[in-house]
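Predicted model, so just to flag it, every value in this text is computed and none were measured.
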Amino acid sequence: MEESGGRSDIFKLSRDWLSVQEVVSAVGSSSCGAISLFIGTTREDEVGGRKVIGLEYEAYELMAQSEFRKICDDVRARWPTVTHVCLHHRLGWVKVGEASVVVAISSPHRHEGQQAIQHVVEQLKASVPIWKKEVYDTQEASWKENAE
Amino acid sequence: MEESGGRSDIFKLSRDWLSVQEVVSAVGSSSCGAISLFIGTTREDEVGGRKVIGLEYEAYELMAQSEFRKICDDVRARWPTVTHVCLHHRLGWVKVGEASVVVAISSPHRHEGQQAIQHVVEQLKASVPIWKKEVYDTQEASWKENAE
Amino acid sequence: MSAQVCVLYFAKSVELTGLKEEEFVAVPTPISSRDLWRLLLQRHPRLSLLQHQVVLAVRQQYVAIGDQVVTLEDGDEVAVVPPLSGG
Amino acid sequence: MSAQVCVLYFAKSVELTGLKEEEFVAVPTPISSRDLWRLLLQRHPRLSLLQHQVVLAVRQQYVAIGDQVVTLEDGDEVAVVPPLSGG
């Protein structure tokens with residue numbers, strides 16, 4: 001957790017089930033009228049006749065932390081009123097229907113938070129060193145690649 | 001709760017504390033990879049030297065329900081992949097720091113959900129018959145008006 | 001023709017009228033929304049503070065104050081809708 | 001000059017090398033990122049399956065494979081970074 005002038009950037013990689021309420025509480029602030037949130041979950045899917053049963057995540061943990069900090073610096077440069085940013089990402093096995101990522105941003109008004117959260121999710125996918133492998137009901141698996 | 005083709009539009013007016021987890025659970029679906037969420041909270045504020053201590057909400061309840069349904073119909077026409085929409089709004093006394101509204105939308109991919117949630121929040125403010133009065137530490141109060 | 005309608009007040013209009021709802025027993029119908037608003041103003045002159053900001057809802061559908069003509073039936077709900085501030 | 005660096009593998013590169021990390025004892029420095037990648041390929045020819053998709057990270061900073069020259073010190077971390085898929 002980084003604190004500067006009452007603003008915090010919180011990043012956590014977790015092998016446990018993610019708590020939405022914990023992420024929301026982490027960004028709560030009485031100076032903020034808006035909290036924007038994004039939850040990414042493992043979707044039930046079929047790929048070439050095989051059913052996806054879950055995802056297996058891994059990360060380059062220290063570098064992920066520092067790339068997250070860069071994203072937050074960038075967010076604060078673009079949307080200076082953004083108050084707190086909190087991102088929790090799962091590692092290890094995440095079965096269909098469970099959250100792999102929860103991001104929340106608090107801001108005095110809603111527009112900047114809603115724009116900032118889209119930027120954080122895009123940048124997370126583009127620059128934070130995390131990887132997932134789709135695991136199928138046939139026991140096969142394949143590493144994914146973010147399109148964006 | 002309206003169900004049609006596995007899609008639900010849920011609207012609740014509540015005099016109790018809003019549970020973010022309850023709203024998230026209401027839109028969860030194994031066919032969805034994304035949940036977008038917005039939480040509106042009562043901001044600590046000063047108006048003309050008086051401190052806002054909370055908000056008092058009231059609604060034209062049946063009409064609010066039907067205006068919400070119109071918003072959901074419009075959302076589904078614009079973003080046909082949106083799966084579930086859930087909106088909980090507080091009534092009565094909401095003190096500073098507490099949530100007055102929680103909206104969640106699930107969708108297979110995140111872009112449509114993130115656009116749709118902004119539309120729902122804008123339309124909520126523009127067309128759902130709900131009113132709030134700001135209450136100050138001086139015991140004075142004033143009815144608010146949405147700018148948008 | 002006339003109808004008996006139930007008028008609902010919300011937000012500032014409750015404070016201005018001192019009422020949450022009341023019955024209007026002989027409202028002419030059809031009637032323009034402007035004339036309907038004038039009837040409300042006759043009974044509650046303080047509602048003029050909301051002039052130019054207020055709209056009405058008839059059977060839970062918004063009606064701007066103006067030339068639009070509405071047809072009322074006994075038991076219809078008419079609401080005074082000050083500027084919204086939900087969210 | 002040469003340096004001893006720690007090479008980290010992630011995702012598909014773990015499967016291709018069978019390793020999560022290993023020491024490279026005498027890496028020439030300064031070195032272009034293209035030559036650094038060639039050294040890795042010499043030791044693990046199957047990494048060529050990642051050719052054109054992979055980037056490196058040196059001291060936790062991304063370096064595209066190309067002409068860019070990096071200076072290595074003993075103990076530096078070099079990572080093989082297959083296409084990202086977080087989120």
- Item | Which portion of B:E145 sits near chain C, non-hydrogen atoms under 4.5 angstrom | both

- Query: Using a cut-off of under 4.5 Å for heavy-atom pairs, which of B:K133, B:K144, B:K132 has the most such pairs with chain C?
  - Reply: B:K132

- Heavy atoms only: give me the nearest B:R50-B:E140 pair and the separation to one decimal. CD-OE1, 3.0 Å

- Measuring heavy-atom distances to chain C, does B:Y57 have an atom under 4.5 Å in its side chain, in its backbone, in both, or in neither? side chain

- Query: Between C:S2 (side chain) and C:A26 (backbone), is there a donor-acceptor pair under 3.5 Å?
  - Reply: no

- Query: So, for C:L41 and C:Q51, which heavy atoms are closest and what is the spacing to 0.1 Å?
  - Reply: CD1-OE1, 3.5 Å

- For C:Q53, is it the side chain, the backbone, both or neither that has a heavy atom under 4.5 Å from a heavy atom of chain B? side chain

- Item | Proximity breakdown for B:E67 and chain C, heavy-atom pairs closer than 4.5 Å | side chain

- chain C contact via B:L62 - side chain, backbone, both or neither, heavy atoms under 4.5 Å: both

- Parallel, tilted or perpendicular: ring planes of C:Y9 versus C:H44, cut at 30 and 60 degrees: perpendicular

- Message: Between B:A59 and chain C, with a heavy-atom cut-off of 4.5 Å, which part of the residue counts as in contact: side chain, backbone, both or neither?
- Response: backbone

- Side chain, backbone, both or neither: which part of B:V121 has an atom under 4.5 Å from a heavy atom of chain C? neither

- Among C:G87, C:A79, C:P83, C:S85, which residue forms the greatest number of heavy-atom pairs with chain B at distances under 4.5 Å? C:S85

- Message: For the backbone of C:D76 and the side chain of C:R59, can you confirm whether one donor and one acceptor N or O come within less than 3.5 Å of each other?
- Response: no

- chain B contact via C:L84 - side chain, backbone, both or neither, heavy atoms under 4.5 Å: both

- May I ask you to decide if B:I10's main-chain N or O and B:S8's side chain share a donor-acceptor pair within less than 3.5 Å? no

- Neighbour count above 12 (heavy atom, 6.0 Å) for B:K70 NZ: yes

